[in-house]
Structures are given as C-alpha cells and as structure tokens.
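First up is the structure itself, then whatever we jot down about it.
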Amino acid sequence: MSRIIESKKPDNVINVDKPEISEESRQAFIRAVKIGYYKAFYKQGLLTAEQLERLIEMNSDNDNNHPAA
C-alpha cells in the first residue's frame with residue numbers, strides 16, 4: 001500500500017484537459033434524461049399517457065426556449 005501512496009507525489013501528477021461539451025449537447029442530454037424519467041413514471045403508472053405526451057412535447061427539440069427544457 002505504501003507504493004500507491006508514494007506514487008501520488010506531486011511530481012507524478014499528469015494534467016489532463018477536461019473534455020469540452022457544447023451547451024447544445026448538454027441541454028440535449030438533460031432533455032433525454034428528463035424524458036427517460038417521464039417514461040419510467042408512466043410505466044410505473046404515475047403518469048397517464050396524456051401527461052406523458054404533454055411532458056415530452058414540453059421538452060422536445062422543437063421548443064428550445066421552454067423553461068422546462
């Protein structure tokens with residue numbers, strides 16, 4: 001275990017740039033996650049088909065300015 005601690009000296013630190021994600025890609029990912037949750041809620045019987053449809057419409061790519069997106 002001491003080898004692991006010794007190998008973490010500041011001299012051994014490698015600087016790795018964080019990957020850049022565009023704001024558009026970030027927002028698309030958030031929308032996809034939200035829709036996934038909505039579908040899971042629907043499958044559990046927590047939402048009606050109409051509610052699911054409405055939530056998906058609110059988060060669609062066609063309406064990028066909607067506050068819920």
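Here, residue 1 is the first one in the sequence, and each next residue gets the next number. For the numbers below, each heavy atom of this structure counts, side chains included, while hydrogens, waters and symmetry mates do not.
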Quiz item: Hey, does Q51 have a side-chain heavy atom less than 4.5 Å from the side chain of L46?
Solution: no
Quiz item: Yes or no on side-chain contact (heavy atoms from CB on, under 4.5 Å) for N59 and Y38, after CA distance, side-chain angles and deciding distance?
Solution: CA-CA 11 Å; N59 285 279; Y38 301 151; 3.4 Å; yes
Quiz item: Can you tell me how far the CD atom of E53 sits from the OH atom of Y42, to the nearest 0.5 Å?
Solution: 10.0 Å
Self-check item: Pairwise salt bridge (charged side-chain N to carboxylate O under 4.0 Å, His left out) hits with a residue in residues 20-30, at least two apart
Solution: E23-R26
Quiz item: Would one find more than 12 heavy atoms of other residues, nucleotides or ligands at under 6.0 Å from atom CD of Q44?
Solution: yes
Quiz prompt | Nearest-0.5 Å distance that lies between atom CG in L52 and atom CD1 in I35 | solution = 9.0 Å
